[in-house]
Amino acid sequence: MNDKFIKNPFWYLFGPMLAYWLIGFAVKFVAEVLLLTPQIGVLVKESLASGAMSQEQIMQMVMSKSVELYKVLLNHQVEILAIGSAFTIPVTVYFFHTDRKREEAFLIPKIQKAKPVKYIWLFIFGIAACIGLNGLSFITSIALYSPEYQETSQILYTPTFPVQLVCLGIIVPIAEELIFRGVLFKRIRAVGSFKKAAMFSTLLFGMSHGNIVQLVFALILGMFLAYVYEKYGSFIAPLSLHITVNITSLLLTETGAFQWLSAKALRLAIATVFCAFVGSIMFVMIQRMEERVEIVIPKDEITSTKIDE
């Protein structure tokens with residue numbers, strides 16, 4: 001490989017991640033400020049209407065309203081998360097397309113993409129994995145050991161179902177897949193082994209989730225997402241799997257299916273084992289997909305595009 005492919009390994013790997021975090025944090029901060037501005041305005045008006053107030057009285061008024069302000073933020077956390085994620089998408093799309101041009105410029109081989117019919121296995125696998133992993137969490141009662149997870153779950157399911165579907169089922173998975181698989185995994189894979197690329201991108205993916213239960217699920221899901229990216233040779237594969245898992249979880253929670261399954265231990269055990277069986281079959285089908293050849297783009301087919309290192 002041309003030694004000019006990466007001039008600064010640190011920024012090559014961590015630059016996109018840093019941009020992703022900073023943009024997401026900044027946008028969410030601005031969104032929260034704008035959301036609380038009307039409530040703060042009311043607080044200021046009440047303060048002025050009360051006449052001259054001591055600093056202690058002002059602090060007491062602020063504290064009395066702090067719980068109300070906190071509830072406002074909690075009730076809109078999903079929308080705020082989606083807005084922050086949406087603003088990261090243009091930046092990660094830029095990195096994604098720039099990397100493609102760089103790979104062409106340095107003749108990095110591409111893997112032939114899988115046929116569209118093979119995505120049926122992916123969708124079935126995603127549904128089975130979602131039900132199976134959630135069933136396993138109910139059986140082991142792992143969620144009970146994490147108050148942070150219970151609080152996060154309550155926050156995520158506060159908005160209306162259409163809002164959950166758009167924000168958690170579509171926008172957030174697109175933003176996460178672009179940075180963690182489309183950029184990070186792909187960049188490491190271009191210069192190293194699948195194992196290193198999968199472990200590094202999955203570890204960062206897991207760390208982006210705020211509690212131990214979500215961390216465990218994210219680590220398992222992250223490895224699957226990296227694997228299907230490798231096998232299918234297309235970014236559409238991990239994106240489809242991620243969206244399938246998220247939407248399945250939202251649908252089964254909204255319809256009460258998870259609650260119905262967990263109502264009886266035998267019913268839950270049968271569903272978990274069945275989904276594990278189906279998921280294993282689908283995974284084997286994906287694993288046994290025919291080896292696809294590497295495609296090397298000839299130099300005369302490469303457009304003369306200057307790549308900024």
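Sequential numbering from 1 along the given sequence is applied to the chain's residues.
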Which value, rounded to the nearest 0.5 Å, describes the distance between Cys167 atom SG and Ile170 atom CD1? 9.5 Å
Please report the C-alpha distance between Lys115 and Met289 in whole Å, then the side-chain angles of each, then the deciding distance to 0.1 Å, and finally whether the side chain to side chain contact (heavy atoms under 4.5 Å, CB included) criterion is met. CA-CA 10 Å; Lys115 296 178 181 180; Met289 286 171 57; over 6 Å; no
Tell me, with the steps shown, if Trp121 and Phe283 meet side chain to side chain contact (heavy atoms under 4.5 Å, CB included). CA-CA 8 Å; Trp121 304 340; Phe283 184 77; over 6 Å; no
OG on Ser201 to OH on Tyr229, rounded to 0.5 Å: 10.5 Å
Do Ile131 and Leu266 land in one hydrophobic cluster if side-chain heavy atoms of ILVMFWY residues count as linked below 4.5 Å? no
Is there a side-chain contact between Val245 and Leu221 in this structure, where contact means two heavy atoms from C-beta onward sitting under 4.5 Å apart? yes
Heavy-atom count check: over 12 atoms from other residues, nucleotides or ligands less than 6.0 Å from Glu254 CD? yes
Nearest 0.5 Å, what's the CG-OG1 distance between Asn134 and Thr248? 10.0 Å
Report whether Ile243 and Ile171 are members of the same hydrophobic cluster (ILVMFWY, side-chain heavy atoms less than 4.5 Å apart, transitive linking). no
Is the number of heavy atoms from other residues, nucleotides or ligands under 6.0 Å of Met199 CE greater than 12? no
Which atom of Ala271 lies closest to which atom of Leu261, heavy atoms considered: CB-CD2, 3.7 Å
State whether the number of non-hydrogen atoms from other residues, nucleotides or ligands found under 6.0 Å of Phe274 atom CZ is greater than 12. no
Does CZ in Phe194 sit with more than 12 non-hydrogen atoms of other residues, nucleotides or ligands closer than 6.0 Å? yes
Considering all heavy atoms of both residues, which atom of Asn246 and which atom of Pro173 are nearest to each other, and what is their separation? ND2-CG, 3.4 Å
Quiz item: cation-pi between Arg187 and Tyr12, 6.0 Å / 45°: yes
Considering only heavy atoms from C-beta outward, does the side chain of Val27 approach that of Val30 to under 4.5 Å? no
Atom pair CD/CG of Glu177 and Leu225 - distance to nearest 0.5 Å: 4.5 Å
Indicate yes or no: at least one non-hydrogen side-chain atom of Asp99 is less than 4.5 angstrom from one of Lys186. no
Show your reasoning for whether side chain to side chain contact (heavy atoms under 4.5 Å, CB included) applies to Leu168 and Leu81. CA-CA 9 Å; Leu168 302 177; Leu81 173 63; 4.2 Å; yes
Could you tell me the separation between the OG atom of Ser249 and the CD1 atom of Ile127, rounded to the nearest 0.5 Å? 12.5 Å
When you compare the side chain of Leu122 with that of Thr244, does any pair of heavy atoms fall below 4.5 Å? no
Any idea how Phe96 and Phe235 line up, ring-wise: parallel (<30°), tilted (30 to 60°), or perpendicular (>60°)? tilted
Should the pair His242 and Phe205 be assigned to parallel (<30°), tilted (30 to 60°) or perpendicular (>60°) ring geometry? perpendicular
Can any side-chain N or O of Arg181 pair as donor or acceptor with the backbone N or O of Pro238 at less than 3.5 Å? no
For the side chain of Glu230 and the backbone of Ala226, is there at least one donor-acceptor N/O pair under 3.5 Å apart? no
Give a yes or no answer on whether the side chain of Thr88 reaches the backbone of Ser85 with a donor-acceptor pair at less than 3.5 Å. yes
More than 12 heavy atoms of other residues, nucleotides or ligands under 6.0 Å from CZ of Phe161: is that the case? yes
Distance (rounded to the nearest 0.5 Å) between Phe217 CZ and Leu133 CG: 6.0 Å
Run the ring pair (Phe, Tyr, Trp, His ring centres under 6.0 Å) check on Phe14 and Phe200 step by step: do they pass? CA-CA 11 Å; Phe14 291 101; Phe200 183 82; 5.7 Å; yes
Can you confirm whether or not the ring centre of Phe180 sits under 6.0 Å from the ring centre of Phe185? no
Common cluster, Met223/Leu204, ILVMFWY with side-chain heavy-atom separation under 4.5 Å: no
Between Ser193 and Arg189 (side chain of the first, backbone of the second, donor and acceptor by atom type, cut-off under 3.5 Å), is there such a pair? no
Would Leu35 and Leu73 count as a side chain to side chain contact (heavy atoms under 4.5 Å, CB included) if you check the C-alpha gap in whole Å, the side-chain angles of each, and the deciding distance to 0.1 Å? CA-CA 8 Å; Leu35 180 64; Leu73 287 179; 4.1 Å; yes
Taking the ring centre of each residue, are Tyr232 and Phe125 less than 6.0 Å apart? no
